[in-house]
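Heads up: the structure comes next, in structure tokens.
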Amino acid sequence: MLVQFMLKNVLSFRDETILDMTAINAYKEHGSNLIDIGLKEKYLKTAAVYGANASGKSNIYFALTYFQQIVRESLNNVETGDRIAIDKYYVPFAFENDNKDNSEFEIIMILGNFEYQYGFSYNAAYIAEEWLYRKSLTTNRKITLFERKAAEVKFGATIRKECEVYSAQLPVETLVLSFFNKLKLKTTVFKDAYSGIMDIFVVPTDFWEDRRELKLFLPSVIDHEKEKLLDFLNAIDSGIRTIKYDESEKDIRFTAFHRGKNGEDYPLNLYAESEGTLKSIMLFIYVRMAILNDASLFVDELNVKLHPLLLKFIINLFYEEDSRAQLIYTTHDTTLMDKRFFRRDQIWFVQKDEYGYSELSALSDFRIRSDASFEKDYLAGVYGGIPLLKEFSLKEGE
């Protein structure tokens, strides 16, 4: 479960920026929108990030992607001569002369009975700092697993004896987490933290256009959860009665069946369905994986190709009583920016100033009247995150 994600000096976010999924206890509305694991704090099941075009809201998606890619790749190409991961994903704020400052990421997540806090700062050449802490949710005791400054790594008492013997082998461009995740150790802290990071499903805007994903996942869904899929497609009024696939030929073929006026079912190549239907099927697959695994799902521009009522339908799937799954998404669609659906701490805005600096803020940062319309005030510019439009004419000579 994601608690916080922090980025600094990455893309348009020059200053430290934190997306916080911790609920504000003073807000009592929409209890079903919260994850309650018996702690003082509760956590948000969904969060919506609004912003104008080019405001930087998709840069939060890219930042989380870069964070995962560095963790995944920082060990892989040390000996191959390929471009190292921290060089590929070092994208500091561009609108400053000679900005060579380190970029930084940190994530706080709850895995089982522990809260993990992991982060690192880096540049194109080396890892400058890295840290991993773990707090027991039962005793509230927090311990240091390791702290790193450049090439020097100090391990906590619980893992020092097992890990110190390997520390001299750690390349300066490789994360401690990536390195020790590959080793066979008695401690599981590295594999636990690594898996927790990789279990966040980060989904791009055009994910439904990648047929490789559909070919990879849909056959298994049809084999094992076909009724659930058909119930979902029926609930969103897709008109699809059933789906089959044929992999006897070189390329797998999916066929959807629709009921005709005469009561007979007629086949249609699945790829001939609307983009909204294809996106809905892929969303079902991702959402189902997230909910079954109590995982976090981050989708860029979730509203694209989806009717607002379908968007609400998908969001509501995360509000099942016992679910710990989370959905974070960026959007332009203000239809659901309403106190009937969201708490104030679930709505976020990205605003970019005239010099290219993006800033993330929550609706809960503003003083809100009890009778306020979130959508109306947002479109009026009260919270920022909207385009600043200027007069423009296409008429010749003007």
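Everything numeric in this text was worked out from a predicted model, so none of it was measured.
Minimum heavy-atom separation, A290 to F318: CB-CE2, 4.4 Å. Taking each heavy atom of K57 and T331 in turn, the nearest pair found is CE-O, 3.7 Å. Looking at every heavy atom in both residues, M6 comes nearest to I18 through CG-CG1, 3.7 Å. Pairing each heavy atom of E147 with each of Y133, the nearest pair is OE2-OH, 2.6 Å. The two residues Y118 and W131 make their nearest non-hydrogen contact at CD1-O, 3.0 Å. The minimum heavy-atom distance between Y27 and R343, with the atom names listed, is O-NH1, 3.1 Å.
E273 and H258 share a donor-acceptor pair across their side chains, judged by distance under 3.5 Å alone. Between the side chains of D192 and T188, a donor-acceptor pair is found at a separation under 3.5 Å. Side-chain N/O atoms of Y90 and N102 include no donor and acceptor closer than 3.5 Å.
With a 4.5 Å cut-off on side-chain heavy atoms, L278 and L270 count as touching. Contact check for L218 versus F254: side-chain heavy atoms found under the 4.5 Å cut-off. With contacts defined as side-chain heavy-atom distances shorter than 4.5 Å, the pair I314/L306 qualifies. Using a 4.5 Å heavy-atom threshold, the side chains of T46 and I328 count as separate. Residues C163 and F190 meet the side-chain proximity criterion, which asks for heavy atoms closer than 4.5 Å.
Between the NZ atom of K154 and the OG atom of S167 there is a distance of 12.5 Å, given to the nearest 0.5 Å. In this structure, CG in D87 is found 13.5 Å from OG in S74, a value given to the nearest 0.5 Å. Separation of atoms CG (L336) and CD (Q346) is listed at 11.0 Å; rounding is to 0.5 Å. L183 CG to K191 NZ: the interatomic distance, rounded to the nearest 0.5 Å, is 7.5 Å. For the atom pair D345 CG and S364 OG, the distance stands at 5.5 Å (nearest 0.5 Å). Put simply, CG on L7 and OG1 on T17 are 5.0 Å apart, with the number rounded to the nearest 0.5 Å.
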request  = Quick one: do S296 and Q326 satisfy side chain to side chain donor-acceptor pair (under 3.5 Å)? Show the steps, please.
outcome  = CA-CA 4 Å; S296 301; Q326 293 171 300; 2.7 Å; yes

task = Go through the steps to decide whether I70 and L175 satisfy the test side chain to side chain contact (heavy atoms under 4.5 Å, CB included), and finish with yes or no.
result = CA-CA 8 Å; I70 294 172; L175 294 171; 3.8 Å; yes

task = Walk me through it: do R14 and E96 pass the test salt bridge (Lys or Arg N to Asp or Glu O under 4.0 Å)?
result = CA-CA 10 Å; R14 181 64 172 94; E96 288 182 357; 3.1 Å; yes

Residue pair E16, K8: steps toward the salt bridge (Lys or Arg N to Asp or Glu O under 4.0 Å) verdict = CA-CA 4 Å; E16 180 177 287; K8 182 179 180 181; 5.4 Å; no

inquiry  = side chain to side chain contact (heavy atoms under 4.5 Å, CB included) for T330 and I60? Distances and angles first, verdict last.
reply    = CA-CA 9 Å; T330 67; I60 300 174; 5.7 Å; no

inquiry  = The test is side chain to side chain donor-acceptor pair (under 3.5 Å); show your working for S55 and Y50 and say whether it passes.
reply    = CA-CA 9 Å; S55 64; Y50 292 86; over 6 Å; no

query = Can you list the steps and then say if T22 with Q4 is a side chain to side chain donor-acceptor pair (under 3.5 Å)?
reply = CA-CA 8 Å; T22 307; Q4 282 185 5; 5.0 Å; no

inquiry  = Apply salt bridge (Lys or Arg N to Asp or Glu O under 4.0 Å) to residues K339 and E29 and explain how you reach the verdict.
reply    = CA-CA 9 Å; K339 63 182 67 178; E29 65 270 26; over 6 Å; no

inquiry  = The test is side chain to side chain donor-acceptor pair (under 3.5 Å); show your working for N99 and N9 and say whether it passes.
reply    = CA-CA 9 Å; N99 177 16; N9 195 28; 2.9 Å; yes

inquiry  = As a quick check of understanding, evaluate salt bridge (Lys or Arg N to Asp or Glu O under 4.0 Å) for R259 and D265, giving each step before the final call.
reply    = CA-CA 4 Å; R259 180 63 53 87; D265 289 339; 2.6 Å; yes

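In terms of modelled atom types and a separation under 3.5 Å, the side chain of K250 and the main chain of E247 share no donor-acceptor contact. Using modelled atom types, no side-chain atom of E115 and backbone atom of S136 make a donor-acceptor pair closer than 3.5 Å. A donor-acceptor pair is defined here as one N or O able to donate and one able to accept, closer than 3.5 Å; no such pair exists between the side chain of N181 and the backbone of L177. Without hydrogens or angle criteria, S178 side chain to L75 main chain gives no donor-acceptor distance under 3.5 Å. A donor-acceptor distance shorter than 3.5 angstrom exists from the side chain of S274 to the backbone of T277, with no hydrogens or angles considered. Judged purely by atom type and a 3.5 angstrom limit, E225 has no side-chain atom pairing as donor or acceptor with the backbone of R288.
Between E130 and K149 there is no salt bridge, since no side-chain nitrogen of the basic residue lies less than 4.0 Å from a carboxylate oxygen of the acidic one. Between D365 and R344 there is no salt bridge, since no side-chain nitrogen of the basic residue lies less than 4.0 Å from a carboxylate oxygen of the acidic one.
Aromatic rings from F179 and Y166 are positioned such that their centres are separated by 6.0 Å or more. Residues F180 and F155 place their aromatic rings such that the two centres sit under 6.0 Å apart.
A single hydrophobic cluster is seen to contain both I108 and L137, as judged by linkage of ILVMFWY side chains at heavy-atom distances under 4.5 Å, directly or through other members. Following chains of ILVMFWY side-chain contacts shorter than 4.5 Å, one cannot reach Y126 starting from V176, and the two form parts of different hydrophobic clusters.
The cationic atom of K244 (NZ for Lys, CZ for Arg) lies less than 6.0 Å from the six-membered ring centre of F257 and within 45° of the ring axis.
Put simply, the residue from Y89, Y122, F120, Y61 that forms a ring pair (Phe, Tyr, Trp, His ring centres under 6.0 Å) with F67 is F120.
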